[in-house]
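This report refers to the structure that appears directly beneath it.
Values below: every heavy atom of this structure, side chains too, minus hydrogens, waters and symmetry copies. The first residue in the sequence is number 1, and the count goes up from there.
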Amino acid sequence: MGQPVRDYLLTLCVTAAVTYLLTGPVRKFAIAVGAMPATRARDVHREPTPRLGGIAMFGGLCAGLIVADHLFNLQSVFQLSDEPRALLSGAALIWLIGVLDDKFEIDALIKLGGQMIAAAVMVIQGLTILWLPIPGVGTVALTQWQGTLLTVALVVITINAVNFVDGLDGLAAGMVCIASAAFFLYAYRLWMGYGIEAAAPATLFAAILMGMCLGFLPHNMHPARIFMGDSGSMLIGLVLAAGAISITGQVDPDNLQIFFEGSERGATHAMFPVFIPLVLPLTIIAIPAADLVLAIVRRTWNGQSPFAADRGHLHHRLLEIGHSHSRAVLIMYFWSALIAFGTVGYSVHAASSWIVFVIVAASAAGLVLLLMPRFTPRAPHWANRFVPPRYRRPEEEAPAPAYEGETASGDQQGARDARAAGMNGATAVSGRQRFLSRQKVDSGR
């Protein structure tokens with residue numbers, strides 16, 4: 001079998017292109033059917049924005065699977081495993097539930113039941129955890145019920161973790177894209193580097209997931225023209241969980257004993273890659289999972305339902321301490337990349353201490369950026385036309401009026417007021433109002 005790097009790249013590009021091209025028509029469709037709820041007290045955006053971006057992402061998923069099925073180096077994934085079919089079945093079900101929620105806002109318990117059913121559909125078709133590498137114990141084979149319960153739990157946790165972190169423009173799609181990129185590197189290394197065929201489906205899932213996120217991000221970056229909604233966040237959460245289940249429960253850890261070097265130190269370093277299939281999926285959702293746990297504890301402590309909506313998520317706190325919208329998103333990107341790629345890098349060179357020093361130094365740099373919320377880089381005057389408006393250096397002096405007594409027109413003054421309020425970009429349906437106030441609505445769903 002030849003090196004399938006080009007086939008993976010083609011699959012990724014087709015998935016991204018289909019997702020990108022479908023997002024525009026989907027946005028118009030969402031506006032036409034009214035899938036554009038009013039802003040809530042906990043929302044960061046100021047105007048109603050259409051949802052249903054998951055429709056375009058699901059189209060990209062289907063296109064990626066179809067293209068991969070017709071590529072020479074990836075055909076074996078479909079011939080030797082039913083996991084792609086299981087993924088498509090579970091994804092279609094969770095996507096349908098998300099579309100209904102984006103339009104009609106169904107109850108949280110109904111969504112939870114749908115997530116469990118989607119996970120069960122994948123388990124029935126063979127996408128399940130068969131064994132686990134346990135530190136100090138070794139490889140433990142799971143019974144059918146144990147594997148099913150663990151698989152369903154992992155799917156539900158991952159879906160809700162991604163859904164919880166979807167609170168800023170481009171945040172969820174970017175974080176999942178970073179995580180799937182790290183996951184792809186690890187899975188591809190297992191498959192092509194050591195000939196472990198069971199890692200091939202997880203590698204394909206990661207490539208397709210990257211394409212879905214990259215294709216949607218141009219429409220979702222701040223200021224977002226469309227949201228992925230639950231139809232998108234639950235979908236990418238399920239695809240991410242499917243890859244973690246495949247690489248964790250289908251790859252025999254005993255095949256990774258090739259790292260053994262014959263010494264006590266070599267045996268110690270050999271054990272780390274054995275446990276990576278168990279550790280890496282947890283690091284991929286580390287930040288969303290931490291946000292999920294903190295939200296449940298916070299709401300329960302305050303006597304609220306764990307499913308009650310609030311403004312206490314990590315991204316909300318970043319905004320409260322003074323970070324801009326884009327800066328808060330970039331900080332979350334940074335920590336996601338540090339955790340995911342740091343774990344992958346350490347699994348490759350577990351014997352190299354410099355990996356630890358790089359991670360520590362990057363963490364220190366991240367803390368410095370976190371503690372400097374008021375710092376905004378400014379480009380020199382000659383580069384103003386080449387950078388986004390938020391980074392342009394203001395002019396030294398305001399332009400003089402054309403004649404004495406001239407005042408700014410109403411439209412010009414309204415534009416200045418809008419810029420002062422931080423409102424920029426296109427609205428979802430029409431031009432922005434000159435004076436916009438946040439609507440007072442119930443914060444719960």
### Test side-chain contact (heavy atoms from CB on, under 4.5 Å) applied to Met212 and Ile208, step by step
CA-CA 6 Å; Met212 294 166 60; Ile208 292 177; 4.0 Å; yes
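- Pairing each heavy atom of Pro84 with each of Phe78, the nearest pair is CB-CE2, 3.6 Å.
- Evaluation of the side-chain contact (heavy atoms from CB on, under 4.5 Å) rule for Ala337 yields Ile178, Phe341 as partners, not counting sequence neighbours.
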### Query
Would His70 and Ile66 count as a side-chain contact (heavy atoms from CB on, under 4.5 Å) if you check the C-alpha gap in whole Å, the side-chain angles of each, and the deciding distance to 0.1 Å?
CA-CA 7 Å; His70 291 80; Ile66 292 174; 4.2 Å; yes
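- The two atoms that bring Leu154 and Ile245 nearest to each other are CD2-CG1, 3.5 Å, heavy atoms only.
- When the ring-ring contact (aromatic ring centres under 6.0 Å, His included) test is applied to Tyr333, no partner is found at least two apart in sequence or on another chain.
- Remark: the backbone N or O of Ile97 is not paired with any side-chain donor or acceptor of Asp101 at under 3.5 angstrom.
- Qualifying ring-ring contact (aromatic ring centres under 6.0 Å, His included) partners for Phe58, counting only residues two or more places apart in sequence or in other chains: Trp95.
- Counting heavy atoms from C-beta outward, Leu12 and Leu214 have side chains that approach closer than 4.5 Å.
- Nearest heavy atom pair, residue Ile247 against residue Ala199, reads CD1-CB, 3.7 Å.
- Each ring-ring contact (aromatic ring centres under 6.0 Å, His included) pair with one or both residues in residues 110-130, not counting sequence neighbours, would appear here, but there are none.
- Ala153 pairs by the side-chain contact (heavy atoms from CB on, under 4.5 Å) definition with nothing, not counting sequence neighbours.
- The OG1 atom of Thr49 sits 10.5 Å away from atom CZ of Arg225, with the distance rounded to the nearest 0.5 Å.
- By the side-chain contact (heavy atoms from CB on, under 4.5 Å) test, Gln146 is found to be paired with Leu142, Thr143, residues two or more places apart in sequence or in another chain being considered.
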### Task
Could you walk me through whether Arg189 and Val344 pass side-chain contact (heavy atoms from CB on, under 4.5 Å), step by step?
CA-CA 10 Å; Arg189 177 171 175 262; Val344 173; over 6 Å; no
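- Residues satisfying the side-chain hydrogen bond (donor to acceptor under 3.5 Å, both in side chains) test with Thr11, not counting sequence neighbours, are none.
- For the side chain to side chain donor-acceptor pair (under 3.5 Å) condition, the pairs that include at least one residue of residues 84-93, sequence neighbours left out, are Asp82-Arg85, Ser89-Gln125.
- Contact detail for Ala172 and Ile236: the closest heavy-atom pair is O-CD1, 4.4 Å.
- A 6.0 Å sphere centred on OH of Tyr20 holds no more than 12 heavy atoms belonging to other residues, nucleotides or ligands.
- The side chain to side chain donor-acceptor pair (under 3.5 Å) analysis of residues 207-220, with sequence neighbours excluded, yields no pairs.
- Atom CE of residue Met234 and atom CD1 of residue Ile159 lie 7.0 Å apart, to the nearest 0.5 angstrom.
- Considering every non-hydrogen atom in both Gly53 and Ser231, the closest pair reads N-OG, 4.3 Å.
- Partners of Ser233 by side-chain hydrogen bond (donor to acceptor under 3.5 Å, both in side chains), not counting sequence neighbours, listed by chain and number: Asn163.
- Interatomic distance, CE of Met122 versus CG of Leu87, reported as 7.0 Å (0.5 Å rounding).
- Counting heavy atoms from C-beta outward, Leu71 and Tyr8 have side chains that stay 4.5 Å or more apart.
- Leu112 pairs with exactly one of Asp107, Ile117, Val156 by the side chain to side chain contact (heavy atoms under 4.5 Å, CB included) rule, that one being Val156.
- Applying the side-chain contact (heavy atoms from CB on, under 4.5 Å) criterion to Val26, with sequence neighbours excluded, gives Leu52, Ile55, Ala56, Ile226.
- Here the CZ-CG distance, from Phe205 to Leu65, works out to 7.5 Å after rounding to the nearest 0.5 Å.
- Contacts of Thr23 classified as side-chain hydrogen bond (donor to acceptor under 3.5 Å, both in side chains), with partners at least two apart in sequence or in another chain: none.
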### Task
Verify side-chain contact (heavy atoms from CB on, under 4.5 Å) between Lys103 and Val33, making sure each step is shown before the conclusion.
CA-CA 8 Å; Lys103 180 62 176 71; Val33 300; 4.3 Å; yes
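- In this structure, the separation between CE on Met175 and SG on Cys213 is 11.5 Å, given to the nearest 0.5 Å.
- Trp191 and Tyr188 have perpendicular rings, their planes meeting at more than 60° on a 0 to 90° scale where under 30° would count as parallel.
- By the 4.5 Å heavy-atom criterion applied to side chains, Leu168 and Met332 are not counted as neighbours.
- Considering every non-hydrogen atom in both Leu338 and Ala362, the closest pair reads CD1-CB, 3.5 Å.
- Looking at Asp169, its side chain does come within 3.5 Å of a backbone N or O of Ala224 through a donor-acceptor pair.
- In this structure a side-chain-to-backbone donor-acceptor pair under 3.5 Å is missing from Asp230 to Asp102.
- Rounded to the nearest 0.5 angstrom, Ser246 OG and Ile129 CD1 are separated by 10.5 Å.
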